Amino acid sequence: MFTNQITPDKLAEEMQEYSRKLGQGVSNLLNADKIDAGVTEKVEVYREDKLVLYRYKAPSDVVQNQTPLLIVYALVNRPYMTDIQEDRSTIRNLLAAGQDVYLIDWGYPDGADRSLTLDDYINGYIDRCVDVICQRHCMQQLNILGICQGGTFSLCYSAIHPDKVKNLVAMVTPVDFKTPGNLLSSWVQHVDIDLLVDTLGNIPGELLNWTFLSLKPFSLGGQKYVNVVDVLNDEARLKNFLRMEKWIFDSPDQAGETFRQFIIDFYQKNGLVEGNVQIGEHLVDLKQLTMPVLNVFAEQDHLVPPDASRALAKQVGTEDYTELSFPGGHIGIYVSGKAQKEVTPAIAAWLDKRS
Amino acid sequence: MDTQRKYWENWAEMGRNATDSNEPAKSPWESALDHWWQTVSPTAPDQTKELMGRILSQGKAFLAMSDGFIKNLQQAGGGSADWTEVFERSISDLQGSFSVPVHPDGDDTLHRMMAFWEMPMDSWQRMVSSLSLVPGDLLRNLLNGDSKASMDEFLSTPGLGHTRETQAKQQEMVRLVLEYQKALQEYQQFFSNLGINSVDRMRKKLEGMNEQDPPIESARALYDLWVASCEEVYGELVTTPEYACLQGHLLNTLMAAKRQSGIMVDEFLDTMNMPTRSELQTLQDRMQESRRENKRLHSEVDAIKKQLADVSSIPPRITETKAKPKARTTSGKKAKRKVAPKKRAVVKKRAATRSQQTKSDE
């Protein structure tokens, strides 16, 4: 049995202190400035429908990798997670390490985008962004870094257009969607996706939020808000909390047809591993991934379990396959201090060696 | 400590009097927090209000738990109390709050418990609310109680006459709402033992602690252990195939009811000669197909232009200039015709040089 260190006086003091912190800190909350979304300077280089392709401004004193790097983020949530604050920015670290970084911002699909398919996203939007970047640099190929669902898209794109991708980095990317312990996958198996999409059209971000919060409801919906009193009186930490809070609930709706195909073909049929995913006219064959591949995953990832990512090793056609395992979670791999020191420099070094 | 407590109680009492509230007192800290928030919230912007609401509701849950421990500690004799006894008593109090059975008509136990336990259902309610024009989960409370018996009669009556189809659709709507309610009830029932099991888990965790483990020195440490216990038990439940089925069924029944209501709304809009959702979707599909085709054609035209440019080795901009286009083209063509295919590349180069020469002459 544990030792009792709690007395009524101590508890009462603690509760009073808690209430005091909350009372004082609320003025900071009420006066908090508008929360920035993304901190690194960037310029728009291409726009199509709701998509915007950005190029990030590199520091002038860094020698740049001649091959540009395109970041393909997931459709779920917003890409500023990769650039959330000055001292925790994957993009800023990639720039500092000499990468010429482009990023696709998918925007917020609305009802008019309901009919967009995976073919439109992968062989349409991504391919045109790749062409734009290659033209700007007078090159035939570029490097791609795909994140989460964007990583799955990047695998498909690179398998269909291997001639356009020099090096591929897949970050927390699901490949085998039916590994043990994949909670999201087990939950979605009994959902009638056709009924869901036919009824709702686009899939509301709130539905996705509910799914993600349901993974750990007491930590994500309770404990986090109790612990926030510790940062209420620290302006910088409060701002970081608010940035993260904004990101968590800033969930774009999902284009209905794309969602339908992604959940049915990937989650329910595990098509990437089974080799039966059809994107437009192309059957996705991961053996066509003949370019060097770096697979980065997080060991404590509760959204994309490490085994779901590790499965890529057996699927690729390249001899130059590397894995980078990070001791952290799905979000920590971008924002933790350890990730800033370890993950981004490792990606940059791997790319430099091959570009 | 008594002085502090009295101070907070007085403040809370003052707040209740000021707001003319008949609500029974919770812990003084919770009540004080409520009163304070009533004073502050009118000036808060909407987005901050929502966040503050979450912070407060969870803060109150934390304070309620701590208050329970304080009371039991005081009753057991303060700092010198037998902690095992205090803990057992607090655990019993917590378990007592979970002993209310689930109402057979779908009345939810979880909603009568503290805010902490509402979390799995709370996010569901928020999500359902976001899909509806009316705040909250309208379908959950629809057709409950007395109206349910009359609904059963309504469902068993066959449709007759000119409005037969409409009656059948309304019956189908009612049937689907009832199905959703049943699924929601089953979903809640699944979690009915979550509270009791979590308390047990916490007890085991505390009992399993030894001298090497860091001592629990604060209510926050106790609260963290409480959260960890809940997550553990919850995690074990939601990883079962049974939960996956229940969750899928809940979503499917909600969607079926929503789709039926969409069909009925569409029919109403149609009678008003207004565009229906179904028509709009057809238009969106057609428009997207046209845009897709358009982009494909653009891409093909670009590819053809590029091929043409490669064949003629003349950059597209130059071919667009008006100055002496005939002369340049003719000379190029003649040159090509005169030579064998294997020498064409050399001639192309010459033709291009000639072309540049012509341009510089201009």
Side-chain angles (χ1 to χ4, degrees), chain A residues 1-16 18-19 22-23 26 29-30 32 111-116 120 124 181 183 186-192 195-196 198-201 204 206-207 209-210 213-219 221-229 242 245, chain B residues 1 4-5 29 32-33 36 40 44 48 51-52 54-55 58-59 61-63 66 69-70 73-74 78-79 83-84 116 119-120 122-124 126-127 130-131 206-207 209 213 215-219 223 227 230-231 234 239 244-245 247-248 251-252 255-256 258-259 262 281 284-285 288 292 295:
Chain A
M1 189 70 178
F2 67 101
T3 336
N4 169 28
Q5 303 279 342
I6 306 178
T7 62
D9 284 348
K10 253 185 170 180
L11 273 184
E13 265 174 38
E14 192 184 343
M15 289 163 75
Q16 192 185 4
Y18 181 87
S19 305
L22 203 56
V26 80
L29 195 61
L30 296 175
D113 302 304
R114 187 188 60 85
S115 314
L116 287 174
D120 293 321
L183 211 51
S186 76
W187 287 359
V188 90
Q189 298 303 322
H190 297 276
V191 177
D192 185 342
L195 175 65
L196 186 73
D198 292 344
T199 306
L200 297 178
E206 286 82 2
L207 181 63
N209 282 342
W210 168 66
L213 291 179
S214 296
L215 291 167
K216 288 189 173 182
F218 301 103
S219 315
Q223 192 177 30
K224 183 176 72 174
Y225 297 110
V226 170
N227 290 344
V228 77
V229 292
L242 291 174
E245 192 69 0
Chain B
M1 200 203 73
Q4 279 174 10
R5 192 181 179 88
W29 286 276
L33 218 54
W36 164 80
V40 170
T48 315
L51 175 62
M52 279 307 294
R54 286 179 197 188
I55 293 173
Q58 295 313 315
F62 163 66
L63 291 175
S66 307
F69 273 87
I70 287 182
L73 264 173
Q74 280 175 325
W83 179 249
T84 316
F116 187 77
M119 275 178 287
D122 179 60
S123 46
W124 171 259
R126 281 172 196 273
M127 192 277 288
S130 73
L131 300 182
L206 287 169
E207 283 169 358
M209 281 183 165
D213 292 314
I216 291 182
E217 294 178 317
S218 64
Y223 172 82
V227 171
C230 295
E231 286 294 12
Y234 173 85
T239 45
C245 286
Q247 198 234 32
L251 204 51
N252 293 343
M255 287 307 121
K258 198 168 166 54
R259 186 180 57 173
Q281 286 190 350
Q284 285 166 355
D285 286 346
Q288 183 56 36
R292 206 173 281 139
K295 283 175 182 174

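Predicted model only: the values in this text are computed from it and were never measured. Quick note on labels: first sequence line is chain A, next is B, and so on, each numbered from 1.
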Check your understanding: Does the salt bridge (Lys or Arg N to Asp or Glu O under 4.0 Å) test come out yes or no for B:Lys295 and A:Asp120, once each step is laid out?
Key -> CA-CA 10 Å; B:Lys295 283 175 182 174; A:Asp120 293 321; over 6 Å; no
Study note, to complete from the structure: Note: vs chain B, highest number of non-hydrogen pairs under 4.5 angstrom among A:Val226, A:Val229, A:Val191 is A:Val226
Review point. Going through the checks in order, is the salt bridge (Lys or Arg N to Asp or Glu O under 4.0 Å) test met by B:Arg259 and A:Asp198?
Key: CA-CA 8 Å; B:Arg259 186 180 57 173; A:Asp198 292 344; 5.5 Å; no
Practice item. For residues B:Cys230 and A:Phe218, report the shortest heavy-atom separation together with the two atoms involved. Key: CB-CD1, 3.7 Å
Revision key, fill the gap. Cut-off 4.5 Å, heavy atoms of chain B, and the answer for A:Leu183 is side chain
Review point. Does a side-chain heavy-atom distance below 4.5 Å link A:Ser214 with B:Tyr234?
Key: yes
Practice item. For residues A:Ser115 and B:Arg292, report the shortest heavy-atom separation together with the two atoms involved. Key: O-NH2, 3.1 Å
Check your understanding: Can you tell me how far the CE atom of B:Met255 sits from the CG atom of A:Leu195, to the nearest 0.5 Å?
Key -> 7.5 Å
Practice item. Identify which of A:Val188, A:Asn227, A:Leu116, A:Asp113 forms the greatest number of heavy-atom pairs closer than 4.5 Å to chain B. Key: A:Asn227
Check your understanding: Does B:Ala219 offer a backbone N or O that forms a donor-acceptor pair with the side chain of A:Glu14 under 3.5 Å?
Key -> yes
Point to revise | Test item: B:Leu51 and A:Leu242 side chains (from C-beta on) under 4.5 Å apart, heavy atoms | key: yes
Check your understanding: B:Thr239 versus A:Ser186: any side-chain heavy-atom pair under 4.5 Å?
Key -> no
Exercise for review: Take A:Leu207 and B:Leu251, measure what side chain to side chain contact (heavy atoms under 4.5 Å, CB included) needs, and give me the verdict at the end.
Suggested key: CA-CA 10 Å; A:Leu207 181 63; B:Leu251 204 51; 3.9 Å; yes
Practice item. Side-chain contact test, heavy atoms from C-beta onward, threshold under 4.5 Å: evaluate it for A:Gln189 versus B:Cys245 and give yes or no. Key: no
Check your understanding: How long is the gap from CD1 on B:Ile55 to NZ on A:Lys224, to the nearest 0.5 Å?
Key -> 9.5 Å
**Study point:** Main-chain N/O of B:Gln284 paired with A:Arg114 side-chain donor or acceptor, under 3.5 Å
**Key:** no
**Study point:** Contact origin within B:Gln247 toward chain A - heavy atom pairs under 4.5 Å
**Key:** side chain
Practice item. Report yes if the side chains of B:Asn252 and A:His190 come closer than 4.5 Å at any heavy-atom pair, otherwise no. Key: no
